[in-house]
Structures are given as C-alpha cells and as structure tokens.
Chemist: 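Here it is, the structure, as structure tokens.
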Amino acid sequence: MSHIHIDVKDVCFGYDRNKNVLENISFHASENDSIGIIGANGAGKSTLLKLLVGLYTDFEGSIRVEEIPVQKDTLRHIREKIGYVFQDSESQLFMSTVREDVAFAPANYGLPESEVEKRVNNALEMVNVTHLADRPIYKLSGGEKKLVSIATILSMTPDIILMDEPSVSLDPRNRRNLISILNSFEHLKIIASHDIDFIKQTCSRTILMAGGKIVCEGATKDIIGNEQLLLENGL
Amino acid sequence: MSKIEGAIHEIHAMDAMASEDKWINKLHPLVKLLVTFIYIFIVVSFDSTDINGLLSMILYPVLIFITAELDLKMCLKRLRIVLPLVCLVGLFNPFFDREILFYAGSVGITRGMITMVTLIIKGVFTVLAAYILIASSKIEDICRALRMLHVPKIFVTLILLIYRYVTLFLQEVNRMTQAYALRAPNQKGISYKAWGSLAGLILLRAMDRASAVYESMCLRGFDGEFKRENSTQLCGNDWIYLISLSALILFLRYVHLFELVGNMIMK
C-alpha cells in the first residue's frame with residue numbers, strides 16, 4: 001500500500017473572484033495522523049475540507065492526495081481514497097433505508113454483490129449500528145443519522161476520513177460514543193470543528209484558522225491550552 | 001400534522017411500501033416496468049368508443065391488488081388529487097360530439113358521452129398501473145430499469161434527482177412556514193406581502209440542500225449509472241411474471257371478458 005498522505009501547498013480559493021475565502025493554506029498530513037481544524041464560524045474550515053475532497057477544483061496552489069493532484073480528471077481516484085462526512089447528516093443520507101444508503105458507494109464502484117454486502121455489514125459493525133440496518137432513514141434520531149453517515153463512508157474503505165462539525169446536534173451520550181468510535185479508527189483523520197473539547201479528545205494535532213488563513217499549527221494540547229490564542233481568534 | 005408534513009409522510013410511506021418483503025417487491029424492476037408499459041400501451045390502443053373491451057382491462061390491476069395485498073383504499077386516498085384531473089380530461093367531449101349513438105330509455109347517449117367515459121377509464125387504469133409500479137419498486141430500481149431500456153442517462157438522473165428534491169423542497173417549505181406561523185400566531189396562512197421573499201428563500205434553501213445531496217452522491221461514486229452487479233439478471237419468477245402478465249393483457253385486448261362472461265351466463 002502506498003504511503004497515505006495529503007499535501008496542501010499555498011492554496012488560495014474564493015467563491016467569487018474578488019474575495020478569497022482561503023489564503024495561502026499549506027500543511028501536510030500523513031498516515032495515522034488525527035488533525036483537528038479549529039476556528040470560528042466563517043474561518044474557512046468547511047471550505048478547506050471541500051477542497052481536499054475535490055468539491056471545488058478551481059483553486060490556486062496544489063493539493064495532492066498520495067501524490068495524486070486534486071483536479072477534475074482525478075476526482076474518481078481521490079474520492080475512492082477519501083471519505084467525507086457532511087456537517088448535515090440529512091444531506092448525506094438519501095436512500096430509503098440504512099442498508100441501501102451504506103451500500104450506495106460500494107455498489108456504485110461496481111463491486112460484486114457479495115463484497116457490497118460484506119462491506120455494508122463491516123461498516124455498520126464499526127459504528128455499532130447493525131441493529132439499524134433495515135430501518136428507514138427518516139426514522140433515525142440525530143445521533144443515529146450521524147453514525148450511519150459515518151458508516152456510509154466507511155463502506156468505501158477509505159484511507160482518509162474528513163469530518164465537518166461531527167459533534168453538532170449530538171447529545172452527550174452520542175457525543176461520547178462518537179469520540180470512542182473515532183479514536184478506534186486507524187485512518188488519517190481530519191476533523192473540522194469549533195467544538196474545542198471534541199478536538200481535544202480526538203486529535204493529536206491541531207490547525208487553528210481565522211479569516212481564511214492558518215494562524216498556527218501544532219500539538220493539540222499546546223494550541224488548545226493557549227487560552228489567549230483561542231480568544232484572539234474568536235474561540 | 002400540517003398538509004406539508006402529511007405530504008412528506010406520504011412520500012416516506014410510499015418508499016416504505018416499495019421496500020416491503022412481498023413477492024411483487026422481489027421481482028426485477030425491469031419486468032414490472034415492461035408489464036406496466038405493455039399495459040398502458042394496450043389500454044391506450046382501445047377505440048374511443050370501445051368501453052366494453054376496455055373494461056375487461058380492469059382485471060390486471062384487480063389481480064395485482066389482490067395477490068400483492070395492496071390497499072385499494074389507501075391507493076384511492078393517495079390518488080385523490082390525480083384522479084379528478086384525469087376525469088377532467090374528457091369533460092368537454094359531450095359538448096363537442098353530440099352524435100347520438102343509442103337511447104337508454106328516453107335519454108340519448110351521445111358519442112361525446114361515451115368517449116368521455118372511455119377517456120376517464122383509460123386515465124384511471126393508466127394511473128393505477130403506474131401506482132402498482134411505484135408501490136412495488138423503489139425509485140432507484142425503476143431508474144435502473146429505465147437505464148437497462150437505454151433511456152438516456154441525463155433523463156434518468158433527472159427523474160431520480162427530482163424525486164429526491166421534492167422531499168427536500170417540502171421539508172424546507174415546512175420549516176419556513178412553521179417559522180412564519182410561530183411568529184405570526186394571529187394570522188391565518190401567509191400574508192401576501194411575505195410571499196415573494198418566502199418563495200425566494202425556500203427555493204434557495206432547497207437548492208442548497210439539493211446540491212449537498214448531489215455532492216454526497218458524487219462523493220460516493222455516482223455518475224448517473226447504476227452499477228449493481230445483479231442489475232441485469234432476471235430469474236425464473238421474473239420471466240414467469242413477464243410472460244404470464246403480458247399474455248393476460250394481450251388476451252384481454254382481443255377477448256372482451258365481460259361480454260364473454262355475460263354470454264355464458266345468458267346461455
């Protein structure tokens with residue numbers, strides 16, 4: 001297996017040409033890293049994650065996932081390697097039942113039916129929601145939807161997991177459950193959140209963003225321990 | 001439950017119905033789609049005054065409703081908006097075509113009346129056939145079957161996404177109208193002054209959510225094709241269903257069942 005890593009170099013991006021939402025973003029993430037991206041609302045965290053998975057490709061600079069540049073003609077390869085969990089689980093889940101939704105990606109990648117079934121069962125087991133397999137999506141609670149949306153990307157067996165505000169709208173028990181599940185994953189994880197406590201419990205490295213720029217990067221305990229730094233950057 | 005919530009609930013109920021574990025749900029969507037096409041084609045092919053022959057086509061929906069245990073009452077409830085529209089189609093025929101064909105007592109029955117009834121029956125049968133299809137097959141399966149019939153990818157994707165977006169749109173409408181009602185407790189409905197901004201916002205929010213769903217589909221390998229391994233395999237039951245139902249429909253086209261039964265009784 002190739003060495004799993006993401007290389008982001010001097011990335012600038014704006015939704016319109018006059019104003020950049022991201023300015024000169026550079027960082028490196030390698031295998032087994034667990035990186036938290038923290039920042040106030042509008043800091044550019046979600047946009048950065050969307051760039052990593054190729055939802056926007058018209059950026060300046062370069063993003064490489066295992067040496068493959070993120071650009072229109074490589075999106076299929078990139079998306080096989082990266083699983084992206086949306087902030088809003090409602091948008092992530094669109095099939096009728098949990099099983100069908102989790103099977104959507106492996107089936108779309110043309111895997112044999114037996115392999116699809118195996119992957120679905122594995123993914124559901126990994127997030128402890130096997131009992132929900134045949135339940136209609138609209139009958140799930142917020143916490144269950146979050147876990148199922150993680151299962152939908154685990155069934156792709158990605159090397160890298162990106163999560164956008166995973167702790168939003170979770171009650172304390174579901175939050176604890178999610179933290180322990182995330183900590184059991186050996187994937188390269190990048191989690192964008194303004195839930196500092198959640199990042200503290202799930203990530204070893206943290207990138208602090210403000211106004212579309214990286215303010216600082218380092219060990220989570222150092223950055224989150226610096227109250228003054230957090231206050232200055234709207235956290 | 002508000003009307004919008006009711007509509008969302010109906011869509012979910014139809015989804016749940018299509019996912020049930022009945023024999024008809026287990027059939028390959030392609031054979032159900034083909035039988036539906038054949039049935040609709042045959043129903044439409046009847047002459048505009050051939051009520052007698054047309055009525056015998058009721059056997060297919062009756063047979064499926066009974067054997068697949070579909071709830072007719074629920075079906076009529078769900079079709080309550082469509083059926084009156086279907087009936088409207090031929091409403092003006094009696095005014096345009098006044099040629100008297102026969103007398104029922106002293107009342108002259110015109111050609112227009114007959115064609116109106118025929119049109120209504122054709123419409124109702126067509127809608128029932130479509131209902132049987134969507135009550136027994138998930139939208140993804142129907143789209144998969146359409147692709148197998150080489151319907152253009154763009155058209156199939158459009159059907160799939162519209163179906164998804166209808167729910168999203170209704171959810172957004174529900175949220176917005178609830179938010180409005182909570183801040184205007186003494187008002188009935190929505191003031192016309194707010195219609196413009198509300199409609200614009202609903203549209204924008206529904207579009208946002210729709211693009212998020214589409215992104216989610218693309219991130220999981222969707223490119224408009226349905227690539228399930230077993231998507232092309234028909235099994236024995238599928239062939240039996242396709243052949244027997246097609247034969248029945250063709251038989252009903254050329255043998256007027258009610259006339260035949262009537263003659264037998266008279267003899």
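Everything numeric in this text was worked out from a predicted model, so none of it was measured. Heavy-atom basis, side chains included; hydrogens, waters and symmetry copies ignored. In what follows, every chain begins at residue 1, and chains take the letters A, B, ... in the order their sequences are listed.
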Chemist: Can you confirm whether A/H28 is buried at NE2, in the sense that more than 12 heavy atoms of other residues, nucleotides or ligands lie under 6.0 Å from that atom?
Modeler: yes

Chemist: Using the six-membered ring wherever Trp is involved, compare the ring planes of A/F104 and B/F222 and label them parallel, tilted or perpendicular (cut-offs 30° and 60°).
Modeler: tilted

Chemist: Could you pull out the closest heavy-atom pair between B/S19 and A/T97, with the gap in Å?
Modeler: OG-CG2, 4.5 Å

Chemist: Rounded to the nearest 0.5 Å, what's the gap from CE on B/M217 to CG on A/N108? Could you check?
Modeler: 8.0 Å

Chemist: So which of A/D134, A/I137, A/D101, A/I153 has the biggest tally of heavy-atom pairs under 4.5 Å with chain B?
Modeler: A/D101

Chemist: In terms of heavy-atom contacts, does NZ of A/K118 have more than 12 from other residues, nucleotides or ligands at under 6.0 Å?
Modeler: no

Chemist: Please determine, among B/I8, B/L219, B/D15, the option with the most heavy-atom pairs under 4.5 Å with chain A.
Modeler: B/L219

Chemist: Among A/R79, A/E80, A/E115, A/M156, which has the most heavy-atom pairs under 4.5 Å with chain B?
Modeler: A/R79

Chemist: Under a 4.5 Å heavy-atom cut-off, does chain B meet the side chain of A/S155, its backbone, both or neither?
Modeler: neither

Chemist: Would one find more than 12 heavy atoms of other residues, nucleotides or ligands at under 6.0 Å from atom OH of B/Y214?
Modeler: no

Chemist: Crowded around B/L182 CG? As in, over 12 foreign heavy atoms under 6.0 Å?
Modeler: yes

Chemist: For the OG atom of A/S96 and the CG atom of B/D141, what is their distance to the nearest 0.5 Å?
Modeler: 8.5 Å

Chemist: For residues B/S216 and A/F94, report the shortest heavy-atom separation together with the two atoms involved.
Modeler: OG-CE2, 3.5 Å

Chemist: Assess whether atom NE2 of A/H131 is packed by more than 12 heavy atoms of other residues, nucleotides or ligands within 6.0 Å.
Modeler: yes

Chemist: Nearest 0.5 Å, what's the OG-CG distance between A/S91 and B/L168?
Modeler: 7.5 Å

Chemist: Look only at the side chain of B/R220 and the backbone of A/Q92, and say whether a donor-acceptor pair between them is shorter than 3.5 Å.
Modeler: yes

Chemist: B/E215 and A/F86: side-chain contact (heavy atoms from CB on, under 4.5 Å), yes or no, with the steps?
Modeler: CA-CA 10 Å; B/E215 281 171 356; A/F86 283 63; 4.0 Å; yes

Chemist: Got more than 12 heavy atoms from elsewhere within 6.0 Å of CH2, B/W23?
Modeler: yes

Chemist: Mind running side-chain contact (heavy atoms from CB on, under 4.5 Å) on B/K138 and A/E100 for me, showing each step along the way?
Modeler: CA-CA 11 Å; B/K138 285 172 268 183; A/E100 285 168 18; 2.4 Å; yes

Chemist: Quick check on A/Y15: does its OH atom have over 12 non-hydrogen neighbours (other residues, nucleotides or ligands) under 6.0 Å away?
Modeler: yes

